[in-house]
Every structure is written in C-alpha cells, then in structure tokens.
Amino acid sequence: MQKRENLLYVGIDLHKESHTAVMVNCWNEKLEVVVIENKPSEFKKLAEKVNKKSNHLGLEPIYGLENAYGYGRSLAVWLIEKGYIVKDINPALAYDQRKSAPMLRKNDEHDAYCVATVLINQLHTLPDAKPKDNEWTLAQLVNRRDLLVKDGIRFKNGLHEQISMAYPSYSKFFSEIDGKCAMYFWKTYPSPDHLQEKTPEDLTVEFKEISPIIRKDKAEMILDCIQHDGNTFREYQESRDFITTSLVRDLEHQKEELAGLDKEIEKILLSFDYKLTSMPGIGTSIASKLIAEIGDIRRFPSADKLARFAGVAPVKFSSAGKGKEQSSRQGNRQLHGLFYFLAVTMVSKPKNGVPNHPVFYDYYMRKIGEGKTKSQALVCIMRRLVNIVYGMMKNKTEYREPVLKEEQ
C-alpha cells in the first residue's frame with residue numbers, strides 16, 4: 001500500500017474542449033496548475049510538466065479524473081497506456097468536497113483542486129480507471145440505439161396524428177401502424193383520394209407482393225371502412241399527404257438503422273464472452289444495456305456492492321440505536337430500471353395463465369404471503385436477479401434454472 005507522502009496528486013477537471021489539472025502534495029498544498037486542450041497532442045505536455053514537478057520533489061505522480069469515462073476517457077486511456085496510476089473520481093465526491101468548503105467557489109481550477117483533495121483523502125478506496133474500448137464502444141452503441149427507439153416512437157405518434165384525419169377507421173386496417181403492408185399503404189395512399197377506382201383485387205395483388213399470406217377480405221374491409229367514413233378531403237390535402245409520406249420514409253430509415261445497430265451490438269457482445277442471453281427474459285438489447293451500465297464487473301467485490309450501485313439494496317437510517325431500513329433512491333437509475341423491468345417480466349402471467357418464470361413467480365407469491373406488498377416483493381425479485389447477473393458476469397457462466405420446490 002502506497003504512503004500518501006510519497007505521491008504527487010494530480011486532480012483534473014474535465015471538459016469537452018479543455019482540461020484543468022492541479023498538482024497537490026499530501027498536505028493539500030497547491031503546487032502548480034496546468035490547462036490543456038482535450039486532444040492527444042496536449043496530453044504529452046501535461047505528463048511532461050507533471051514529471052518535471054514529481055522528479056524535482058522526489059514523488060510519484062498519481063492522477064485523479066472526475067468521471068474518467070466521459071470527456072476524460074481519451075486522457076485516461078493515454079495515461080494508462082503510458083504506465084501512470086489513474087483513479088476514477090465519482091463526480092458526487094468532488095461535489096461534496098466543494099460543498100464542504102466554508103465559502104462556495106466554482107471554477108475549473110478549484111474543481112480540479114477538489115478532485116485532488118478527494119484523491120488524497122480516499123486514496124486507498126477509489127477504483128482504478130479502466131476505460132476499456134469494448135465497454136466504451138458498447139455504451140455508445142446502446143445510447144445510439146436508445147435515441148433511435150425514441151425517434152421511432154416520435155415518428156409513429158406523428159403518423160397516428162396524420163392518418164387519423166384521412167382515415168378515421170385506420171386502426172382496423174392493420175395490427176401495427178408500422179408493419180410492412182401498413183407502411184406500404186400509408187406511403188402509396190396517404191389519403192383516400194389516391195384510392196379512386198381501386199378494387200379489392202387491385203389492392204390484394206399489391207399487398208401479396210409484400211406479404212404473400214394476406215387475403216382478399218383485408219382489402220375489402222379497408223375499402224368498406226373508407227366508404228363508411230365519408231369524405232375526409234380537406235384543403236391543402238396535398239401538403240398533409242407529403243407529411244404522411246415523409247414520416248413513413250423516416251420510419252423506414254429508422255428501422256434500417258436500428259437493424260444495423262443491433263447487428264453491431266451482437267458483434268461486440270462476443271468480445272465480452274458473457275452468456276446473459278441464456279437467461280429467459282434477457283435478450284440482446286437488455287444484455288447490452290446491463291453490460292454498458294455495469295461496466296467492468298471486477299470493480300464490484302460482491303453482489304452486495306452491485307446491488308448498492310443499482311439502488312436495489314435498502315438504506316438504513318438510524319440514530320441513537322433506533323431506525324429502520326428504507327428503499328434507496330440513490331444508485332444508477334438506468335440500471336435500477338433494467339432490474340425492475342426484468343423483475344416484472346419474470347413474475348408476469350400471459351393470457352395463457354402460465355407464468356413467464358415459475359420459480360420467480362413462486363418466490364414472488366411467497367413474499368406476498370409473508371405480508372410484503374407487491375412493490376416490496378418485486379424488490380426482492382430484483383435483489384435475486386442482481387445475484388444471478390453478478391454470478392453470470394463474474395464467472396462467465398450460462399444461466400442455470402433453479403429447481404421449483406414442490407409443496408409438501
């Protein structure tokens with residue numbers, strides 16, 4: 001274990017365009033300030049100045065980066081590759097350090113000094129920065145996918161709004177507004193005016209080119225609904241038709257991009273050698289999100305630590321020996337949401353009445369039988385899921401189905 005007095009502490013406040021570094025000794029004395037641009041050619045300049053100061057003082061440099069996986073990722077990777085010790089500083093710790101000062105100050109130099117102070121005070125508990133390329137790239141792909149999914153929802157809502165005016169009975173036409181036949185229909189016939197002199201036979205031939213299993217009664221039903229809806233033509237209909245076809249083109253492009261992203265995600269998941277998708281309820285999308293949010297599983301010594309990180313573990317509030325445990329509102333809320341979604345999936349019962357996962361459903365019902373509310377029972381399921389996911393990632397093993405205990 002390194003002695004604090006043998007180190008030169010470099011706290012760095014990270015930004016998109018520039019980084020501010022402050023060198024501090026173990027007595028919290030500010031020694032030098034360095035400001036560099038956020039680009040590799042400037043990283044060498046920082047290291048040279050830090051090495052010069054450390055050699056002069058006979059100290060070993062150690063770097064603390066406030067969120068080494070954000071704007072400072074490139075710097076963290078460069079420093080690690082050069083053999084320097086780099087610690088990841090949680091922004092919440094630096095914020096608490098700033099708030100603890102008698103007079104609140106907020107500038108880049110002071111923020112960097114606060115990072116260095118956290119580095120000194122919590123030297124032996126701070127995690128090493130490990131910004132792996134595959135983890136970072138997967139997180140970028142997951143973020144991109146989430147944005148595309150939100151775009152798709154926005155486009156579909158816009159399409160609903162447009163075609164509801166032209167086709168009041170449109171919800172009867174197709175099971176999904178963005179299905180292949182539906183997309184073809186909205187794009188080719190954005191309003192009833194484009195269907196003049198079209199017969200059920202004509203529409204059926206067009207639909208069969210997209211979906212061979214479609215039947216003639218589908219075309220007959222659509223044309224019959226349009227006839228009973230009455231005249232929906234309005235002034236500037238041509239402009240509204242353009243909006244409809246434009247939204248369809250956006251949806252088509254969104255689907256293509258989403259399919260391409262899913263292939264890239266599947267490809268990069270192979271580099272982790274995790275087998276999360278072997279567990280029922282966890283597909284490629286959920287697995288990629290779990291890995292992206294958890295990161296390097298080795299930074300969690302136990303499943304309890306992961307549960308606390310995900311905000312699943314309860315927090316105890318006590319004073320004078322009295323108190324109670326309450327559900328945590330802290331932790332990674334995205335990861336908390338993933339475990340909540342999984343828990344709901346596990347205990348859900350489809351229309352056939354058979355639970356998605358009988359073992360988890362049985363455990364869920366037992367907890368309710370013990371007097372817990374449904375929300376509390378779901379938290380118990382989430383905690384079990386944390387243990388399972390932690391074990392599968394830690395040991396890179398497949399999911400093993402628990403044996404359902406039979407009632408005596």
Side-chain angles (χ1 to χ4, degrees), residues 1-133 135-136 139 295-296 298-299:
M1 187 175 291
Q2 296 167 310
K3 294 184 177 180
R4 284 185 169 84
E5 58 267 25
N6 294 336
L7 299 172
L8 174 65
Y9 302 88
V10 186
I12 306 178
D13 183 43
L14 306 163
H15 292 283
K16 184 177 181 179
E17 297 180 355
S18 65
H19 301 326
T20 301
V22 172
M23 295 177 233
V24 180
N25 60 22
C26 65
W27 295 282
N28 293 87
E29 295 174 338
K30 190 185 299 183
L31 304 176
E32 190 173 339
V33 179
V34 181
V35 179
I36 63 169
E37 294 180 56
N38 184 13
K39 56 184 181 181
S41 60
E42 291 279 291
F43 301 161
K44 184 179 179 181
K45 170 184 170 183
L46 170 64
E48 288 174 348
K49 290 191 175 184
V50 171
N51 289 340
K52 183 178 179 181
K53 178 65 70 174
S54 62
N55 291 334
H56 175 71
L57 298 173
L59 302 173
E60 182 183 357
I62 182 170
Y63 292 83
L65 277 64
E66 185 178 12
N67 186 9
Y69 306 99
Y71 290 135
R73 184 185 181 279
S74 296
L75 174 59
V77 170
W78 190 91
L79 290 170
I80 292 170
E81 288 177 347
K82 298 300 180 183
Y84 295 105
I85 303 172
V86 182
K87 296 288 185 177
D88 180 37
I89 310 293
N90 190 314
L93 297 176
Y95 174 78
D96 289 342
Q97 184 64 38
R98 286 197 300 271
K99 293 282 287 184
S100 66
M103 184 177 293
L104 185 63
R105 298 165 59 190
K106 185 72 176 76
N107 57 62
D108 294 346
E109 183 178 327
H110 184 66
D111 288 349
Y113 176 77
C114 290
V115 172
T117 304
V118 173
L119 182 59
I120 296 169
N121 296 337
Q122 303 190 36
L123 174 64
H124 302 305
T125 59
L126 290 171
D128 292 330
K130 297 176 180 178
K132 294 182 179 179
D133 285 334
E135 291 174 357
W136 179 75
D296 189 350
R298 292 174 299 178
R299 65 194 180 112

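At a threshold of 4.5 Å between non-hydrogen side-chain atoms, the residues Asn38 and Glu17 do not count as touching. Put simply, the side chain of Phe43 reaches to within 4.5 Å of the side chain of Ile36, judged on heavy atoms. Side-chain atoms of Val33 and Tyr113, non-hydrogen and from C-beta on, never get closer than 4.5 Å to each other. For the pair Lys87/Val118, no side-chain contact is recorded, criterion being any heavy-atom separation below 4.5 Å from C-beta on. Contact of the Arg4 side chain with the Tyr9 side chain is registered, since non-hydrogen atoms from C-beta on lie closer than 4.5 Å. Asn121 places a side-chain heavy atom less than 4.5 Å from the side chain of Gln97.
From Leu8, atom CG reaches atom NZ of Lys53 across 8.5 Å, with rounding to the nearest 0.5 Å. Atom OG1 of residue Thr20 and atom CG of residue Asn107 lie 8.5 Å apart, to the nearest 0.5 angstrom. If you take CG on Asp13 and CD1 on Ile89, they are separated by 12.0 Å, rounding to the nearest 0.5 Å. Going from atom CG of Asp111 over to atom CZ of Arg98 covers 4.5 Å, rounded to the nearest 0.5 Å. Here NE2 of His15 is found 3.5 Å from CG of Asp108. Values are rounded to the nearest 0.5 Å. Remark: Glu60 CD to Lys3 NZ distance equals 14.0 Å, nearest 0.5 Å.
Counting heavy atoms of neighbouring residues, nucleotides and ligands inside a 6.0 Å radius, atom CD of Glu5 exceeds 12 of them.
Ser54 and Asn51 get closest at one heavy-atom pair: OG-O, 2.9 Å. Heavy atoms only, all atoms of each residue included: Glu109 and Lys30 are closest at OE2-NZ, 2.9 Å. Taking each heavy atom of Val115 and Gly11 in turn, the nearest pair found is CG1-CA, 3.9 Å.
The side-chain hydrogen bond (donor to acceptor under 3.5 Å, both in side chains) test applied to Glu29 returns Asn25, not counting sequence neighbours.
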Could you pull out every donor-acceptor pair under 3.5 Å between side chains of residues 63-78 and any protein atom, sequence neighbours left out?
from	atom 1	to	atom 2	distance (Å)
Asn67	OD1	Tyr69	N	3.3
Tyr69	OH	Lys130	N	3.0
Arg73	NH2	Pro131	O	3.2
Arg73	NH2	Lys132	O	3.4
Arg73	NH2	Asp133	OD1	2.6

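Each of Leu123, Leu59, Leu119, Val24 was scored for a side-chain contact (heavy atoms from CB on, under 4.5 Å) with Leu7, with one residue passing: Leu123.
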